[in-house]
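Notes follow once the structure below has been shown.
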There are 2 protein chains.
Amino acid sequence: MDAQDKQVFQVFTEVGIINQLTTAIFAARLPDGLHPSHFSLLNNLVRLGDGKTPLALASAFQVPKTTMTHTLSVLEKRGLIRLAPHETDGRSKLVYLTDSGREVHQNAIHAMEQPIRKMTHDLGAQEIIGLLPMLTTLRAYLDDNRDI
Amino acid sequence: MDAQDKQVFQVFTEVGIINQLTTAIFAARLPDGLHPSHFSLLNNLVRLGDGKTPLALASAFQVPKTTMTHTLSVLEKRGLIRLAPHETDGRSKLVYLTDSGREVHQNAIHAMEQPIRKMTHDLGAQEIIGLLPMLTTLRAYLDDNRDI
DNA sequence: TGCATATTGTTCGATATCGAACTATATAGT
DNA sequence: ACTATATAGTTCGATATCGAACAATATGCA
């Protein structure tokens, strides 16, 4: 591994640390018992629309379907989502947000405003947002090359 | 949450996805049973030196000390690290790499060369490395503001 | 149609992560 | 020195994540 490889590796190390720190910051703002993975799922359903199958969600989040089964069962028990039978495929189900799920999501989003505002105040919004194009490119590339 | 807040939030969403995808890519290259968290610890000891206390390592990785107890016990059982009593503090221990631990780490680093080279070939090394300054700034800021 | 194969989701067992409570040792204040 | 408090690490119970095996349904092809 040469010096350049190590710098690239360092990028992923920093990404990992940032993910851990921001996840911890946001997790502290979530309602009691709501894990970041639960919020992520609610967030996906709100932003990209519900009515997806569990397998489609597992694929979107790059987790095994067994993990999605578990996550969905937690959210269903909490009444934040509803699992309906698939209209045309007897093997499958469809995931829908409940009113309660939308409300919990909205409150969580609102609670995250404060740390985000402090970060942007201290570091500059444009500095942070400036990362977005390359991060998006990198994410899309990795998503298309999972078997790299 | 206004449009700017959402873009900042999107940065952290992308960071999370990139972390998940790269972790999966690297995990696939690790020896059987070696979890990414195990490799991360070996990597830290190699890069920054061993002889640290478990608590110092837990703090460095931002994990509860109970998690570090578990991780260290796994690595010790595999013979990759050695836990020695602290010379001056009877409560504490010191973590040292074994020769086997250094060897496993070296092999893992080497195995990650291939996916890193492919990424840099496809996306351009400078494009990826260009993220490093701001990511480092952001990581240092978050590290200093864990109670944000 | 009938059967082989593929797909969707669940169950089960194993490991990682975490918080609360605990033990042992060190330190500080009197 | 004595005692109260702080610190380092472990144990324990709970949850998240994951892979292997399984059940139910769908699809493709003879």
Side-chain angles (χ1 to χ4, degrees), chain A residues 16-17 19-21 23-28 30-42 51-78 80-96 146, chain B residues 16-17 19-21 23-28 30-42 51-78 80-96 146:
Chain A
I17 298 173
N19 180 60
Q20 190 170 10
L21 293 168
T23 299
I25 288 169
F26 292 140
L30 291 176
D32 198 49
L34 198 70
H35 191 272
S37 62
H38 306 154
F39 170 76
S40 287
L41 187 50
L42 292 182
K52 310 284 182 59
T53 68
L55 195 62
L57 292 169
S59 173
F61 282 99
Q62 278 303 288
V63 297
K65 52 189 180 173
T66 58
T67 301
M68 191 51 59
T69 295
H70 175 75
T71 304
L72 292 173
S73 79
V74 171
L75 290 174
E76 190 185 28
K77 271 175 198 155
R78 288 179 76 114
L80 306 183
I81 61 165
R82 182 172 57 83
L83 289 174
H86 195 290
E87 304 96 347
T88 60
D89 190 334
R91 298 167 301 179
S92 194
K93 298 180 176 178
L94 295 176
V95 181
Y96 292 98
R146 294 169 183 180
Chain B
I17 298 173
N19 181 59
Q20 190 172 10
L21 293 169
T23 298
I25 288 169
F26 293 140
L30 291 176
D32 197 50
L34 198 70
H35 192 271
S37 63
H38 305 153
F39 170 76
S40 286
L41 187 49
L42 292 182
K52 309 283 183 60
T53 68
L55 195 61
L57 292 169
S59 173
F61 282 99
Q62 279 304 289
V63 298
K65 51 189 180 173
T66 59
T67 300
M68 190 51 60
T69 295
H70 175 75
T71 303
L72 292 173
S73 78
V74 171
L75 290 174
E76 191 184 29
K77 271 174 198 154
R78 288 179 74 115
L80 306 183
I81 61 165
R82 182 172 56 82
L83 289 173
H86 195 289
E87 304 96 348
T88 61
D89 189 333
R91 298 166 302 179
S92 194
K93 298 180 176 178
L94 295 176
V95 180
Y96 293 97
R146 294 169 183 181

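Considering only residues two or more places apart in sequence or on other chains, B:F39 meets the ring-ring contact (aromatic ring centres under 6.0 Å, His included) condition with B:H105.
Mapping A:P64 and A:G90 onto DNA chain D by nearest heavy atom places A:P64 closer to the 5' end of the strand. Nearest-nucleotide assignment on DNA chain D puts the 5′-proximal partner with B:L94, out of A:H70 and B:L94.
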Between the protein and nucleotides 6-8 of chain D, list every N/O to N/O distance that falls short of 3.5 Å.
unit_1, atom_1, unit_2, atom_2, d
D:dT7, O4', B:R91, NH1, 3.4
D:dT7, O2, B:R91, NH1, 2.9
D:dA8, O3', B:S92, OG, 3.0

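One can place CG of A:D32 at 12 Å from P of C:dG19, the figure rounded to the nearest angstrom. Here D:dA14 presents its C1' atom at 13 Å from NZ of A:K77, a figure rounded to the nearest Å. What separates CZ of A:R78 from P of D:dT15 is a distance of 11 Å, to the nearest Å. Rounded to whole angstrom, the span from the CD atom of A:Q62 across to the C1' atom of D:dT17 amounts to 14 Å. In this entry the distance linking CG of B:L41 with P of C:dT17 reads 11 Å, nearest Å. Nucleotide D:dT15 holds its C1' atom 20 Å from the CZ atom of A:F39, rounded to whole Å. Rounded to whole Å, atom P of C:dT8 lies 15 Å from atom CG of A:L72. Across the protein-nucleic acid pair, B:M68 atom CE and C:dC18 atom C1' stand 13 Å apart, rounded to whole Å.
Side-chain contact between A:P54 and A:T69 is absent, with no heavy atoms from C-beta onward closer than 4.5 Å.
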- Task: For A:L41 and A:M68, run side chain to side chain contact (heavy atoms under 4.5 Å, CB included): C-alpha distance rounded to whole Å, both residues' side-chain angles, the deciding distance at 0.1 Å, then the answer.
- Result: CA-CA 9 Å; A:L41 187 50; A:M68 191 51 59; 3.9 Å; yes
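Here salt bridge (Lys or Arg N to Asp or Glu O under 4.0 Å) pairs that include residues 84-93 of chain A, with residues two or more places apart or in two chains, are A:D89-A:R91.
Summarising the geometry of B:N19 relative to A:G16, their closest heavy-atom pair is OD1-CA, 3.2 Å, with the distance given to 0.1 Å.
Counting only distance, with no hydrogens or angles, the side chain of A:Q20 and the backbone of B:F61 share a donor-acceptor pair below 3.5 Å. Not one N or O on the side chain of A:S59 forms a donor-acceptor pair closer than 3.5 Å with the backbone of A:L55.
For the OP1/OP2 pair of C:dG9 and a distance below 4.0 Å, the side-chain nitrogens and oxygens of A:T69 include no atom meeting the criterion. Under 4.0 angstrom from either OP1 or OP2 of C:dT17 there lies at least one side-chain N or O belonging to B:S37. Distances shorter than 4.0 Å separate some side-chain N or O of B:T71 from OP1 or OP2 on C:dT17.
Among the nucleotides C:dC18, C:dG9, D:dA16, the one closest to the side chain of A:H38 is D:dA16.
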